[in-house]
Each structure stands twice: as structure tokens, then as C-alpha cells.
There are 2 protein chains.
Amino acid sequence: MRYPDDSLIALKENGYRLTATREAVNKVLYDHKGPFTIEMVSDALPGIGRATIFRTVRLFQDLGIICRVNMEGGAVRYQLASTGEHHHHFICTVCGVVTEFIDAHIDQAVNRQAQGADFELNSHTIDLYGVGSCCSKK
Amino acid sequence: MRYPDDSLIALKENGYRLTATREAVNKVLYDHKGPFTIEMVSDALPGIGRATIFRTVRLFQDLGIICRVNMEGGAVRYQLASTGEHHHHFICTVCGVVTEFIDAHIDQAVNRQAQGADFELNSHTIDLYGVGSCCSKK
DNA sequence: TAGCAATTTGATATTAAGTATCAATAAGGA
DNA sequence: TCCTTATTGATACTTAATATCAAATTGCTA
């Protein structure tokens with residue numbers, strides 16, 4: 001997922017309707033970049049009901065357009081997924097920016113662990129918390 | 001953390017008072033075993049206010065006695081930590097049971113990733129979702 | 001072991017995230 | 001254009017959690 005239109009295409013491809021509301025939410029996400037909360041989107045689109053924002057965000061999640069990020073304290077952020085693929089997160093605890101990464105090594109080790117423990121693995125999440133280069137003091 | 005008294009010792013060692021409420025909550029956790037929600041504890045201890053249950057659970061978390069587990073859908077469970085140490089989770093999506101594991105390999109790979117990305121790593125969480133041996137069909 | 005300061009608690013209100021309901025509206029294929 | 005179906009808004013509700021503050025409890029300490 002790179003361009004705003006990708007979201008709209010994804011909607012159509014999955015049999016969802018292309019509505020003004022969904023376009024508006026999509027635009028806000030792409031204009032804003034960076035992590036966002038439901039509140040932020042809701043504030044940016046006063047004409048659209050809260051419930052619809054939630055619905056749209058959930059739909060975009062399901063389509064892999066955005067990903068949900070659990071902050072350390074339990075707060076929730078969303079962010080455009082740079083890839084719809086499986087990935088992990090660097091989460092900057094200073095500014096909240098989330099960067100994605102892929103690591104075949106880790107995934108392999110995770111699979112080994114699961115096998116060793118007789119655990120039928122369906123999915124996994126890996127979140128790294130710390131200070132990103134975005135906020136590094138140097 | 002293995003025995004109920006460990007919690008009480010941890011409280012004292014960290015300068016917290018040993019109260020009837022905290023003992024009661026602790027007992028519920030050890031009697032129940034397995035994952036629990038605030039509701040469950042609250043139901044088991046009708047005489048104790050909800051806010052206090054939350055406070056106590058948070059305190060126990062801070063002391064490493066219990067750990068918080070984010071379920072896939074966003075629900076939250078808590079469970080006695082079998083170790084206060086750094087660890088990761090197998091989360092059975094059928095029954096909710098959480099099993100801990102440690103994997104130096106994964107931790108190493110995680111550290112490498114962080115270094116490579118110029119990310120000052122403070123902590124990380126790894127949660128594996130799937131069907132545990134507890135609920136395996138075989 | 002009674003007294004007292006500081007911690008803890010309960011009741012209550014509040015916040016935040018999210019879901020449920022349902023009538024009204026909009027999308028898009030025929 | 002019409003019509004079925006998906007979507008939306010308003011509203012109420014749920015769940016998880018925190019804030020406030022007076023009242024109760026701890027555990028020194030004299």
C-alpha cells in the first residue's frame with residue numbers, strides 16, 4: 001500500500017462500496033501520515049459519525065491498509081501499513097512513530113519455538129519499543 | 001514467582017503495605033490459576049471495589065507477579081507470571097491459556113534488528129497466537 | 001500498645017475505545 | 001431510472017481503566 005488509490009482499489013476488489021466517507025477517511029490518513037488515533041480522524045472529519053470512523057478504520061485494517069499498534073501503556077494507535085504483508089514494529093516511545101520491519105530469522109526462530117512446544121501457530125506479533133532515529137538525541 | 005507468599009514478600013520488599021485486600025486478591029489469583037479478567041477477580045471478591053481491583057492488578061504487574069496479555073481481538077487477560085523475568089507468550093486462542101517461553105535466539109535477532117535500524121531498544125513483546133497442546137484436537 | 005502520619009480503599013464520576021441497534025440514506029448493477 | 005443491498009448517523013451501551021477525595025487501615029514509633 002503506497003498510494004491513496006490503492007485503498008480504493010482494495011475496497012472494490014473486495015466487494016466493498018466506494019463511498020464519499022471512505023474516500024474522506026482515506027484522504028485524512030494519507031495527508032496526515034504518521035500514527036493516528038480515532039479521535040484525530042474524527043476531529044478532522046466532523047461531519048462523519050464516530051461509529052463510522054471506527055467501522056472504516058476496522059475495515060481498512062481488515063484490508064491491510066492500516067495496522068493497529070498497541071502502545072506500551074495500553075493506548076492504541078493506527079498507522080498506514082507500508083506493506084500489507086506480515087511484518088513487525090519498531091515503536092518510538094517518544095513520538096509514537098511506528099516503523100515496520102521484516103526479519104526472516106526471527107520468524108524462523110518463532111516457528112521453531114512453536115514446533116518445539118507443540119503449538120499450532122496461527123499468527124504472531126513482535127513489537128519493539130524504544131527510541132527511534134526520528135527522536136534520537138544525537 | 002511460584003508461591004502465594006512470594007507476592008506478599010515482593011510487596012514488603014518494595015515498600016508497599018500488606019493489606020487484607022491485597023492478600024485476598026493474591027489468593028484468588030493463586031487459587032484460580034490460568035488467565036483471568038478484572039471482572040473475574042471482582043466477582044470473586046464482591047466486597048472489594050472495582051477501582052481497588054484495578055489498582056492491585058496494576059501493582060502486581062509492576063512487581064512482575066502477573067503479566068498482562070493482549071488477546072488478538074483487543075481483549076485483555078492477566079495471568080500469574082511463572083517468572084518475573086523477560087519472556088514471551090504462547091496464547092491459545094481456543095481457551096485463552098498463556099504459556100511463557102524464553103528464547104535467546106529470538107532476543108538476539110531482535111537486538112540485531114534494532115542495532116541495524118539505529119533503534120535504541122528499551123523493551124519488546126512477542127506474542128504467538130494459535131492452538132496450544134491444551135486444546136489440540138488430537 | 002496507643003497514637004499518628006502516610007498509605008490504601010471504596011464510592012463515585014469520568015474517560016476512552018469500541019460495539020449494537022435501527023431507521024434513513026447512498027451505491028451501483030440491471 | 002429503479003431497486004436491492006450496503007453503508008451511515010445518531011444514539012445508547014459496554015468494557016477497560018483512571019481520577020477524585022473522604023474515610024478507613026497500616027505499620028512505625030514513642
Side-chain angles (χ1 to χ4, degrees), chain A residues 5 7-29 35-63 65-79 96 98, chain B residues 5 7-29 35-63 65-79 96 98:
Chain A
D5 281 356
S7 313
L8 312 182
I9 292 166
L11 282 173
K12 297 223 80 173
E13 276 178 353
N14 288 276
Y16 295 100
R17 291 183 179 173
L18 183 47
T19 68
T21 299
R22 286 172 181 163
E23 285 193 71
V25 171
N26 192 238
K27 181 162 169 26
V28 168
L29 304 192
F36 60 89
T37 62
I38 300 286
E39 286 320 302
M40 288 179 197
V41 182
S42 194
D43 289 350
L45 299 168
I48 297 176
R50 271 179 64 82
T52 299
I53 307 275
F54 272 103
R55 278 188 285 238
T56 307
V57 165
R58 182 153 42 118
L59 177 58
F60 280 18
Q61 259 186 101
D62 292 346
L63 294 174
I65 296 166
I66 61 182
C67 57
R68 179 193 157 114
V69 181
N70 298 312
M71 305 299 285
E72 272 185 312
V76 175
R77 291 287 148 75
Y78 299 88
Q79 184 170 309
V98 178
Chain B
D5 282 356
S7 314
L8 312 181
I9 292 166
L11 282 173
K12 297 223 80 172
E13 276 178 354
N14 288 275
Y16 294 100
R17 290 184 179 173
L18 183 46
T19 68
T21 298
R22 287 171 180 163
E23 284 193 72
V25 170
N26 192 237
K27 183 164 170 19
V28 168
L29 304 192
F36 60 89
T37 61
I38 299 287
E39 286 320 301
M40 289 180 197
V41 182
S42 194
D43 289 350
L45 299 168
I48 296 176
R50 274 179 64 82
T52 300
I53 307 274
F54 273 102
R55 279 188 284 239
T56 307
V57 165
R58 182 152 44 118
L59 177 58
F60 280 18
Q61 259 186 99
D62 293 345
L63 294 175
I65 295 166
I66 62 184
C67 56
R68 179 193 158 114
V69 181
N70 297 311
M71 305 300 285
E72 272 184 312
V76 175
R77 290 288 149 74
Y78 299 88
Q79 185 169 311
V98 178

[X] versus [Y], closest heavy-atom pair with distance:
{"X": "Leu18(A)", "Y": "Glu23(A)", "result": "CD1-CG, 3.7 Å"}
{"X": "Tyr16(B)", "Y": "Arg22(B)", "result": "CB-NH1, 3.8 Å"}
{"X": "Gln61(B)", "Y": "Tyr78(B)", "result": "NE2-CE2, 3.5 Å"}
{"X": "Ile65(A)", "Y": "Ala10(A)", "result": "CD1-CB, 4.3 Å"}
{"X": "Gly96(A)", "Y": "Pro35(A)", "result": "O-CG, 3.2 Å"}
{"X": "Asn26(B)", "Y": "Ser7(B)", "result": "ND2-OG, 2.7 Å"}

> Which nucleotide in the set dT18(D), dA17(C), dG18(C) lies at the smallest distance from any side-chain heavy atom of Arg58(B)?
Replying inline: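 Selected nucleotide: dT18(D).
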
>> Counting primed atoms plus P, OP1 and OP2 as sugar-phosphate and everything else as base, spell out the protein contacts along nucleotides 7-12 of chain C at 4.0 Å heavy-atom distance: B, S or - for each nucleotide, 5' to 3'.
In response: BSBBBB

Nucleotide N/O of nucleotides 28-30 of chain D paired with protein N/O under 3.5 Å:
none

>> With side chain to side chain contact (heavy atoms under 4.5 Å, CB included) as the criterion, how do Phe36(A) and Val28(A) come out once you've worked through the C-alpha distance, each side chain's angles and the decisive distance to 0.1 Å?
In response: CA-CA 10 Å; Phe36(A) 60 89; Val28(A) 168; over 6 Å; no

>> Strictly by salt bridge (charged side-chain N to carboxylate O under 4.0 Å, His left out), give each pair with a member in residues 35-63 of chain A just once, sequence neighbours left out.
In response: Glu39(A)-Arg50(A)

Check the distance between [N]'s [atom2] and [X]'s [atom1] and give it to me in whole angstrom.
{"X": "Phe36(A)", "N": "dA17(C)", "atom1": "CZ", "atom2": "C1'", "value": "14 Å"}
{"X": "Met71(B)", "N": "dA16(D)", "atom1": "CE", "atom2": "P", "value": "12 Å"}
{"X": "Phe54(A)", "N": "dA12(D)", "atom1": "CZ", "atom2": "P", "value": "17 Å"}
{"X": "Glu39(B)", "N": "dT15(D)", "atom1": "CD", "atom2": "P", "value": "7 Å"}
{"X": "Leu45(A)", "N": "dA10(D)", "atom1": "CG", "atom2": "P", "value": "13 Å"}
{"X": "Asp43(A)", "N": "dA17(C)", "atom1": "CG", "atom2": "P", "value": "11 Å"}
{"X": "Asn70(A)", "N": "dA17(D)", "atom1": "CG", "atom2": "P", "value": "12 Å"}
{"X": "Asp62(B)", "N": "dA17(D)", "atom1": "CG", "atom2": "P", "value": "13 Å"}

> About how many Å separate CZ of Arg17(B) and NZ of Lys12(B), when rounded to the nearest 0.5 Å?
Replying inline: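 These two atoms lie 10.5 Å from each other.
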
> Is Arg77(B) touching bases, backbone alone, or none of the nucleic acid, heavy atoms closer than 4.0 Å?
Replying inline: nothing

